[in-house]
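Written out below as structure tokens is the structure these notes cover.
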Amino acid sequence: MTSSDSGSLAKRESRNFIQQIIDSDRVSGRVSGEIITRFPPEPNGYPHIGHAKAICLNFSLADEYQGRCNLRFDDTNPETEDMEYVRAMKLDINWLGFDWGVHEYYASDYFEQLYDLAIRLIKTDKAYVDSQTGEDIRANRGTVTEAGTNSPFRNRSVEENLSLFAGMRAGDFPNGAHVLRAKIDMASPNMLMRDPVVYRIKHASHYRRGNEWPIYPLYDFAHPLSDAIEGITHSLCTLEFDVHRPLYDWLVDALFPNPRPHQYESARLNLDYTVTSKRKLLQLVKENHVDGWDDPRMPTISGMRRRGYTPESLRRFCEMIGVAKADNRVDMAMLEFAVRDDLNALAPRVMCVIEPLRVVLTNVPAGSTENLEASYWPHDIPKEGTRLVPLTREILIEKSDFMEEPSKKFHRLSPGAEVRLRYGYIIRCNEVIKNEAGEITELHCSLDRDTKSGATPSRRVKGTIHWVSATEGVPVEVRLYDRLFRVANPDDVEEGQTFVSHLNPDSMTVFQAIIEPSAASKDTQDRYQFERQGFFYLDSKELENGKRVWNRTITLRDTWEKDNQPVPQPVRIKEPAPSPPIAVRDPLEGLDTASFDRAKQLDEQYGIGLEDAALLAVRPHIAGFFEEASKTAPSTAVANWLINELRPLLTEEGIRVLPFSAAEFAKLVELHASDTLSSRQAKEVLIEMIATGESSGSIVDRLGLKQISDESQLLSMVQEVLEAHPDRVEAYKGGKIGLIGFFMGQVMAKSSGSANPSTVKSLLERELA
RNA sequence: UGCCCGGUCGUCUAAUGGCAGGACAGCGGCCUUUGAAGCCGUACGUGGAGGUUCGAAUCCUCCCCGGGCAACCA
């Protein structure tokens, strides 16, 4: 699918964090079978560029690992969903070039299974029927800073819950009478875990299940369990769902512990000058700011298709922007590049004059027509094909290609100046004709017969312009599009305004243009480059009415225009790094009295500094561990190793129950302090000690670790490395001193990490001097 | 203000203790019968302050900044 040229593998392919997770899952054996992803839209709106990113991500990943990607409609809310959106979604995914095969699923098909799972939850006392009102539930949930309070119904018996839930399912109760809640923890710092509602009563007709179900599961219940039912291995979603992950895991642990899906979150796409919230897109459609979901200015997939973007360009764009966890706002230029790049090799060239100016070629006889052969493709595109372009006495050129008083770098027509007609001859402007109002109405030019296109160039002119015969050209409507919003981030609004106030009133302009005859008939291409104007695509909607209207997909890159009317680029000021008043912080600030005293004592007794002392003091057993180890090893080194090396290797649990004795730890520190082990080796040993509980001495023996400090031995390694990389030595001597790290790395690798780095470094510096 | 997640060229994204790399945008040049495309070159970055280390974007501490979370939506 996506072209991955195997030849470039040498250049170390970069992997995004999801790929890295999958890679390591396969190595570790967490996933032994197929990689199964899923794309899970709710059918309540038209898919947009943000969906395209998720579609490409999920399907490409499945492709890459030869697994599969399910299409699942998360249709658990009957009020907003519709078959129309299901159809749109499927169409757009296919159009993008992806295929889910037989794996088309609906959460609404799982209603029976999900209901049974809810019953299992009730039976294990992990869910209960709550009969509080919605307002009470909300009020009792607490706030972000205060814990919630338990529902008075939280302790209903399993039997009562079962019978109430059965009643809910049977339709015995009105909307809102009861809900089913997971019994988790009303005091959880994560609001989602405060007994989330998992089923609600909703007497509503579902677009697929009709009135079969009076109760519907909520996303937080349906989603993880649907993933589990389908055997999804990697469930990808956007960042805002990260707080849902504990709940996801809680439910899966309770009902599908193994094998089980895992959720991973990545940043959603934000694109300059567009909005992608469904609500806002819907508003644009409903308030007629645009011509429907597929208006060519819309960021919907259907809009982009109608505008003339290609599936390849969209996929390429998604590849370019990558996948990561940092919030982002992608520059339009990146999308535009992907589109132009694809279209350049795809669209045959023709000529079309959008704002015409009449030119009379005074030395061409009236009524004569010369058919010029013109290639559809520029010289650097290896495609063939030509058409005939009629040249007549009267032609039309673009208004903007003439300037009565040209600026210095204007390479086009002006009084007395010459320019080449594309595929034709060089002409000279002899006379400018104006009306009473002083407006230019036509130009009189003479044509130089000796300069026909393709002939040996007798002379050259700076400019080449497009043109169309005034008598043979065909009128046609073209629509030019600009960005829908005037500002990069339309969501960034002033008090009392909405994103709508940022709409660009000139986002579409319509022209009656004149196109060369070859592109005017019914049976021509639907996509062209109009030379020097941009790429155009036949509007599919108008075509249904038999009308040929050309949408400008995108302009050509135009360095001339940019030079001459600098469009102010979006100014995005980075936070003006508020130079912080260099506050000398008291490391003991905020400590309780006991820790405070302890920290002071540790610092005074061992001289390790207040900051480290405070770090140790807040955990009494760590402080004790430190003191114990300090008996047999230098206390500063013990503190450093404890804080900077040991702690990050341990889990919260591991820190509470340290995996070895203080004395053993001290031995290790001592091995390093005495130069027996390099720091790298000591870290290696530490990791082994945590993993196996083995003593440092036995690990050192087993792995045969010993630091090499012998100069002559190290010198020969250094020399070998330098000899092996003469180019880098050269570069180093040329000033790229960062390469010292490269050489160090080479020597360290050569010695399997046992070289004494200080010695190596001084040797390297000596040899490279 | 509680919890969670983030912060690398203008933008997007790599580098998982060892050369801060790529792409887009920019700038300069070459080429050109599209002021396109192509080719060559160039500038630009690790939020801040300390610490550990021979060596830190990466590990530790504190600070700063951004985002998310209190629907019976997804």
Side-chain angles (χ1 to χ4, degrees), chain A residues 11 14-16 20 42 44 74 76-77 79-80 134 137-138 141-146 148 175-176 179 188-192 194 197 199-202 216 218-219 223 239-240 242-243 265 267 272 320-322 324-331 333-334 336-337 340 344 349 378-381 409 411 420-424 453-454 457 460-466 529 531-532 556-561 563 569 572 574-575 577-580 582-583 585 587 609 611-612 615 640 643-645 647-648 679-680 728 731 736 738-746 748 756-762:
Chain A
K11 233 192 154 185
S14 89
R15 316 276 296 152
N16 66 48
Q20 292 179 17
E42 183 188 17
N44 69 346
D74 254 357
T76 54
N77 183 0
E79 280 166 348
T80 55
I137 290 179
R138 209 168 308 128
R141 187 151 25 226
T143 67
V144 289
T145 51
E146 298 160 59
N175 288 352
V179 292
S188 170
N190 182 343
M191 299 296 292
L192 266 312
R194 321 247 258 229
V197 173
Y199 262 95
R200 80 280 214 183
I201 299 172
K202 192 164 271 193
Y216 292 91
L218 278 111
Y219 166 87
H223 195 87
L239 244 29
E240 67 268 27
D242 68 338
V243 285
E265 309 88 18
D272 268 355
M320 282 169 71
I321 59 173
K325 295 198 76 161
D327 292 325
N328 62 70
R329 176 163 291 279
V330 175
D331 195 330
M334 237 187 277
E336 293 177 344
F337 170 83
R340 285 195 188 104
N344 182 45
R349 274 60 168 175
H379 62 90
D380 57 344
I381 290 179
K409 290 202 291 190
H411 296 160
R420 176 175 285 281
L421 296 180
R422 180 82 163 142
Y423 305 117
S453 176
R460 292 182 168 193
V461 286
K462 278 266 187 168
T464 300
I465 63 173
H466 62 281
Q529 183 193 101
E531 290 205 48
R532 304 209 303 136
L556 264 32
R557 224 168 129 255
D558 191 345
T559 45
W560 160 255
E561 279 292 331
D563 282 354
Q569 286 293 303
R572 261 171 296 173
K574 226 172 175 177
E575 295 86 53
S579 58
I582 305 165
R585 195 190 63 95
E611 191 171 310
D612 284 358
L615 245 27
N640 283 339
I643 292 168
N644 294 317
E645 308 298 344
R647 222 172 25 138
S679 60
R680 174 172 305 222
R728 307 209 189 221
K736 199 163 161 61
L739 282 169
I740 191 81
F742 168 77
F743 296 127
M744 279 297 292
Q746 294 293 309
M748 293 309 283
N756 180 324
S758 318
T759 316
V760 171
K761 189 164 196 186
S762 47

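The figures that follow rest on heavy atoms only: side chains count, while hydrogens, waters and symmetry mates do not. Lettering follows sequence order; numbering is per chain, from 1.
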Margin query: For a stem of at least 3 consecutive Watson-Crick or G-U pairs with distances under 3.5 Å, i pairing with j, i+1 with j-1 and so on, which stems involve RNA chain B?
Written below: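 The stems are B:2-7 with B:64-69, B:10-13 with B:21-24, B:26-30 with B:38-42, B:47-51 with B:59-63.
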With sequence neighbours left out, write down each residue that passes side chain to side chain donor-acceptor pair (under 3.5 Å) with [X], or none if nothing qualifies.
{"X": "A:Tyr199", "answer": "none"}
{"X": "A:Lys202", "answer": "A:Glu79"}
{"X": "A:Thr80", "answer": "A:Glu42"}

Taking [atom1] from [X] and [atom2] from [N], how many angstroms apart are they, rounded to a whole number?
{"X": "A:Met334", "N": "B:U11", "atom1": "CE", "atom2": "P", "answer": "10 Å"}
{"X": "A:Leu239", "N": "B:C3", "atom1": "CG", "atom2": "P", "answer": "19 Å"}
{"X": "A:Arg141", "N": "B:A70", "atom1": "CZ", "atom2": "C1'", "answer": "7 Å"}

Sugar-phosphate only, base, or nothing, as touched by [X] at under 4.0 Å among non-hydrogen atoms:
{"X": "A:Arg340", "answer": "nothing"}
{"X": "A:Thr76", "answer": "sugar-phosphate"}
{"X": "A:His379", "answer": "base"}
{"X": "A:Pro378", "answer": "base"}

Notebook entry, point to check: Rounding to the closest angstrom, what is the interatomic distance between B:U8 and B:G45 at atom P?
Noted result: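 Roughly 14 Å separates the two P atoms.
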Compare side-chain N and O positions of [X] against OP1 and OP2 of [N] and report whether any pair is under 4.0 Å apart.
{"X": "A:Thr145", "N": "B:C3", "value": "no"}
{"X": "A:Thr559", "N": "B:A36", "value": "yes"}
{"X": "A:Arg329", "N": "B:G7", "value": "no"}

Notebook entry, point to check: Is A:Arg680 side chain donor-acceptor paired with the B:G18 base, going by distance under 3.5 Å alone?
Noted result: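 Per atom types, the contact qualifies.
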Note to self: So for A:Gln529 and B:U34, does any side-chain atom that can act as donor or acceptor lie under 3.5 Å from a complementary atom in the base?
What the structure shows: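 Present.
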Checklist line | First encountered from the 5' end of RNA chain B, between A:Ala267 and A:Thr80 | finding: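 In this pair, the answer is A:Ala267.
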Note to self: Please compare A:Glu645 and A:Arg138 by the position of their nearest nucleotide in RNA chain B and report the one closer to 5'.
What the structure shows: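 Between the two, 5'-proximity favours A:Glu645.
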Notebook entry, point to check: For A:His466, which residues count as a ring pair (Phe, Tyr, Trp, His ring centres under 6.0 Å) partner, sequence neighbours excluded?
Noted result: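 With sequence neighbours excluded, A:His466 shows a ring pair (Phe, Tyr, Trp, His ring centres under 6.0 Å) to no residue whatsoever.
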Next item on the list: Just jot down the ring pair (Phe, Tyr, Trp, His ring centres under 6.0 Å) partners of A:Phe742, sequence neighbours excluded, or say none.
Entry: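 Expected list: A:His725.
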Checklist line | Selection from B:A36, B:C54, B:C69 that lies nearest to any side-chain heavy atom of A:Val144 | finding: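 Of the options given, the side chain of A:Val144 lies nearest B:C69.
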Checklist line | A:Ile643, nearest nucleotide to its side chain (from B:A20, B:C60, B:C73) | finding: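 Looking only at heavy atoms from C-beta outward on A:Ile643, the closest nucleotide is B:C60.
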Check: Are A:His411 and B:G35 stacked, counting the six-membered base ring, centres under 5.5 Å, planes under 30°?
Finding: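 Stacking between A:His411 and B:G35: present.
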